Protein chains: 2
Amino acid sequence: MGRRIKIKKIVETTRRQVTFSKRRTCLLKKVKEIAICCDVDVLFVAFSSANRLSKFCSQRRIEDMLQRYIELPIERRLTYMN
Amino acid sequence: MGRRIKIKKIVETTRRQVTFSKRRTCLLKKVKEIAICCDVDVLFVAFSSANRLSKFCSQRRIEDMLQRYIELPIERRLTYMN
DNA sequence: GCAGCTATATATAAGTA
DNA sequence: TTACTTATATATAGCTG
């Protein structure tokens, strides 16, 4: 994506926020696309510790999504950390 | 992305699942990247109604993420539907 | 379904206004 | 900020095994 950067925290605040804004826009677009094209319900949330704001995109109300997740048996919760 | 497709449900099951698999891989990568580069906590979940499977990526335990969301005042829950 | 290939569409880091 | 531009890196649809 443009000039290559290393995947690590961007130290400079302004640059980090600009990058967040740009990437968030594209990410939301892709989240919406996979939901529509692949007929899945998706949820995306981002917490910025500094700004305390959240974003998400879903086909259903967020509460429904969370409820569905919570009701899912543990063994079906496939998790990718990091 | 490759040959252009219209953003609508892919009717053919096989093709839809292949697309989901490919897109999910890239999406998870990007979710991880934005979390690291922009120093935010993110959560991504996808529910496939047919397979009943879920995926997510986060910097924290999922329960923490959900709890933080639930505790967020309504007016701070910025929502992008569809 | 996984894995690779290729052609093309997107995303995006920097730079500029 | 507030966009817009541009050069380059990625993502990905369709295909072949």
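Every value quoted in this text rests on a predicted model; they were computed, and no experiment measured them. Reminder, nothing fancy here: chain letters follow the sequence lines and each chain counts from 1.
Atoms SG and NZ, from A:C37 and B:K9 in turn, are 11.5 Å apart once rounded to the nearest 0.5 Å.
In this structure, A:K29 and A:T25 have side chains that are not in contact, with every pair of non-hydrogen atoms separated by 4.5 Å or more. Counting heavy atoms from C-beta outward, B:I34 and B:K30 have side chains that stay 4.5 Å or more apart.
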- Message: Does A:D39 form a side-chain contact (heavy atoms from CB on, under 4.5 Å) with B:I10? I'd like the steps, not just the answer.
- Response: CA-CA 8 Å; A:D39 195 34; B:I10 296 170; over 6 Å; no
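Look at NZ on A:K6: it is 14 Å from P on D:dT10, rounded to the nearest Å. The nearest whole Å value for the distance from the CZ atom in B:R4 to the P atom in D:dG14 is 13 Å. Put simply, NZ on B:K29 is 14 Å from P on C:dA11, counting in whole angstrom units. B:F20 has its CZ atom 15 Å from the C1' atom of D:dT12, to the nearest Å. Remark: C1' of C:dA11 and CG of B:L27 are 13 Å apart, rounded to the nearest angstrom. Per the geometry, CZ belonging to B:R16 stands 18 Å off P belonging to D:dT12, to the nearest Å. Note: CD (A:Q17) to C1' (C:dA13) measures 16 Å, nearest angstrom. Computed from coordinates, the B:E12 CD to D:dC15 C1' distance equals 13 Å when rounded to whole Å.
Taking the P atom of each, D:dG17 and C:dG1 are spaced 22 Å apart, rounded to whole Å.
At least one donor-acceptor pair under 3.5 Å links the side chain of B:T19 to the backbone N or O of B:R15.
The rotation axes computed at either terminus of the helix from C:dC2-D:dG17 to C:dT16-D:dA3 lie 40° apart, taking five pairs at each end and rounding to 10 degrees.
Residue B:K22 places a side-chain atom within donor-acceptor reach of the base of D:dG14, judged by atom type and a 3.5 Å distance cut-off alone.
The hydrophobic clustering, which links ILVMFWY residues whose side-chain heavy atoms are closer than 4.5 Å, places A:V40 and B:L28 together.
When the nearest nucleotides of DNA chain D are assigned to B:V18 and B:C26 by heavy-atom distance, the more 5′-ward of the two goes with B:C26. Comparing A:R15 and B:T14 along DNA chain C, the residue whose closest nucleotide (by nearest heavy atom) sits nearer the 5' end is B:T14.
For the pair A:R16 and A:V11, the tightest heavy-atom approach, listed with the atom from each and the gap, is NH1-O, 3.2 Å.
Side chain of B:T19, nearest nucleotide from C:dA9, D:dT1, D:dA13: D:dA13. Side-chain atoms of B:R23 lie closest to D:dA13 of the nucleotides D:dA13, C:dT10, C:dT12. With distances taken from any side-chain atom of A:I5 to the nucleotides C:dC2, D:dA13, C:dA14, the minimum falls on C:dA14.
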